[in-house]
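Working notes for the structure below.
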Amino acid sequence: MITEETTAALADRLDTARTTRTATPSLADTHSLHVDDAYAVQRALVARRRARGERLTGVKLGFTSEAKMAQMGVSEVIVGRLTDAMRVADDGDLALAGLIHPKVEPEIAYRLGYDVDPGDPTSFLVGAVDAVAPALEIIDSRYRDFRFTYEDVIADNTSAAAYVLGPWSPPQDLGDRKVLLTSGVQEATGSTSAILGDPVRALHALRDICHRRMIPLRAGEVILAGAATAALPLVAGTTRAEVAGLGSVTVRGV
Ligand code: OOG
Ligand code: MG
């Protein structure tokens, strides 16, 4: 385990990388972090944002798709926190100058209708979902060239930078829906089954992580289930994701 001082120093380093838009080398170059250390750095990093007035709005899962695992060379689901400062309105603008090297992913968002107690082993996350929506996640690793270890990316709040939610619909089976992402001239197609076979499994995985890491989930919070295709670079202009039968969501890079 790393000390509290080291945890604070690494959180400061990642915080500064983001606010000054200067990528930093992998923490693993100089520190040997355990997964628990990495989540402690993430907590300290998010605490800095909260101390500046940001409010928690949900959680996001990462590495839930095989395309993503292959792209990033890792193999286990990770969780990060979302805040109100990361939220961009559907059809809204996102300033690229505020980011280092952003990429975009098409995702599914779940909204919770009531609080879920992470300490209660019988809590049922799927039953707490009161709405679902197509979503875009903008990731922007604070590490140089998006090169990081599994522990690095957890410490960096799983590369979370921004998110956009499309229109909400009632909860429904979201297995095997076609997903199309267009960003500038680039296009990626996939299926919701890329998300652990079925995005509902992301909820099961999240329940386990929240239980293990004592992460409470509150009514109204959003869960991003993870990318349904490989990430594309986020460029100036319109980026859009469409999930068959669920609708679409758009952001404009400016
Ligand atoms: C980590 C974030 C991965 C997802 O949906 O798999 C993620 C990264 O690739 O930088 O958000
Ligand atoms: Mg994602």
Side-chain angles (χ1 to χ4, degrees), residues 14 17-18 21 23-28 33 35 38-39 41-42 45-46 57-83 86-88 94 99-110 132-166 174 179 181 183 188-203 205-206 209 215 221-234 239-241 243 249 251:
L14 289 167
R18 182 178 67 84
R21 307 193 296 273
T24 193
S26 161
L27 306 182
L33 295 188
V35 176
Y39 276 105
V41 173
Q42 182 192 118
L45 182 62
V46 174
T57 52
V59 296
K60 57 155 286 190
L61 285 168
F63 303 152
T64 51
S65 83
E66 267 176 38
K68 192 77 206 187
M69 287 185 194
Q71 190 182 16
M72 293 300 163
V74 296
S75 63
E76 253 185 12
V77 168
I78 54 178
V79 65
R81 309 308 302 263
L82 302 173
T83 76
M86 301 181 193
R87 174 89 187 264
V88 179
L94 179 61
L99 301 164
I100 304 170
H101 41 201
K103 297 184 191 181
V104 62
E105 305 172 319
E107 303 217 3
I108 295 287
Y110 292 96
V132 295
L136 288 167
E137 191 197 11
I138 291 85
I139 52 173
D140 192 34
S141 176
R142 270 53 67 163
Y143 299 109
R144 280 183 199 154
D145 307 317
F146 263 85
R147 300 249 299 253
F148 44 70
T149 64
Y150 181 71
E151 290 77 17
D152 278 335
V153 68
I154 291 168
D156 185 26
N157 197 24
T158 67
S159 307
Y163 68 101
V164 194
L165 302 175
L174 288 168
V179 177
L181 173 69
S183 182
T189 52
S191 156
T192 54
S193 37
I195 305 165
L196 294 173
D198 185 316
V200 78
R201 299 218 182 102
L203 295 177
L206 178 64
I209 298 179
I215 299 172
E221 285 190 345
V222 163
I223 297 161
L224 294 182
T229 69
L232 291 180
L234 179 72
T239 290
R240 183 169 176 275
V243 180
V249 53
V251 70

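Counting convention: from 1, in listed order, for ligands and their atoms alike. Being a predicted model, the structure only gives us computed values, none of them experimental.
- Looking only at distances, no side-chain donor or acceptor of R142 sits under 3.5 Å from a matching main-chain atom of A17.
- Atoms of ligand 1 found under 4.0 Å from any heavy atom of F148, numbered from 1 in the order shown, are 8 (C), 10 (O).
- For a threshold of 3.5 Å applied to N or O pairs, the pair formed by K60 and ligand 1 contains at least one separation below that value.
- Within the structure, the closest approach of S141 to ligand 1 does not fall below 4.0 Å when heavy atoms are considered.
- In this structure, T192 has no side chain to side chain donor-acceptor pair (under 3.5 Å) partners at least two apart in sequence or on a different chain.
- Contact annotation for I139 and ligand 1: only side-chain heavy atoms (C-beta onward) come within less than 4.0 Å of the ligand.
- In E107, the N, O or S atom that comes nearest to the Mg ion (ligand 2) is OE2.
- Annotation for ligand 1: atoms under 4.0 Å from non-hydrogen atoms of G226 are 5 (O).
- Of the N or O atoms in A227, one or more lie within a sub-3.5 Å distance of an N or O in ligand 1.
- If you look at E137 and ask which of its N, O or S atoms sits nearest the Mg ion (ligand 2), the answer is OE1.
- Close approach of ligand 1 to V153 (heavy-atom distance below 4.0 Å) involves ligand atoms 1 (C).
- An N or O contact shorter than 3.5 Å links E107 to ligand 1 by distance.
- Contact analysis puts L61 in contact with ligand 1, with a non-hydrogen atom separation below 4.0 angstrom.
- With D156 contributing its side chain and L14 its backbone, the two residues share no donor-acceptor pair below 3.5 Å.
- With L234 as reference, L94 is the one residue of I139, L94, D140, L136 to meet the side chain to side chain contact (heavy atoms under 4.5 Å, CB included) rule.
- If you look at E105 and ask which of its N, O or S atoms sits nearest the Mg ion (ligand 2), the answer is OE1.
- Looking only at distances, no side-chain donor or acceptor of Y143 sits under 3.5 Å from a matching main-chain atom of L27.
- Between V249 and the options V164, V88, L165, a side chain to side chain contact (heavy atoms under 4.5 Å, CB included) holds for only V164.
- Residue contacts with ligand 1, taken as heavy atom pairs separated by less than 4.0 Å, involve E105 solely via side-chain atoms from C-beta onward.
- In summary, the atoms of ligand 1 found under 4.0 Å from a heavy atom of T158, numbered by their order in the structure, are 1 (C), 2 (C).
- Remark: K103 qualifies as a cation-pi partner of F146 under the 6.0 Å distance and 45° angle criteria applied to the six-membered ring.
- Between V46 and the options N157, L82, V41, a side chain to side chain contact (heavy atoms under 4.5 Å, CB included) holds for only N157.
- Below 3.5 Å of separation, one finds no N or O of F146 facing any N or O of ligand 1.
- Side-chain atoms of K60 do not come within 3.5 Å of backbone N or O of E137 as any donor-acceptor pair.
- Between the choices S159, A228, A231, G62, the shortest heavy-atom distance to atom 8 (C) of ligand 1 belongs to S159.
- At distances below 3.5 Å, not a single donor-acceptor pair connects side-chain atoms of E107 with backbone N or O atoms of A135.
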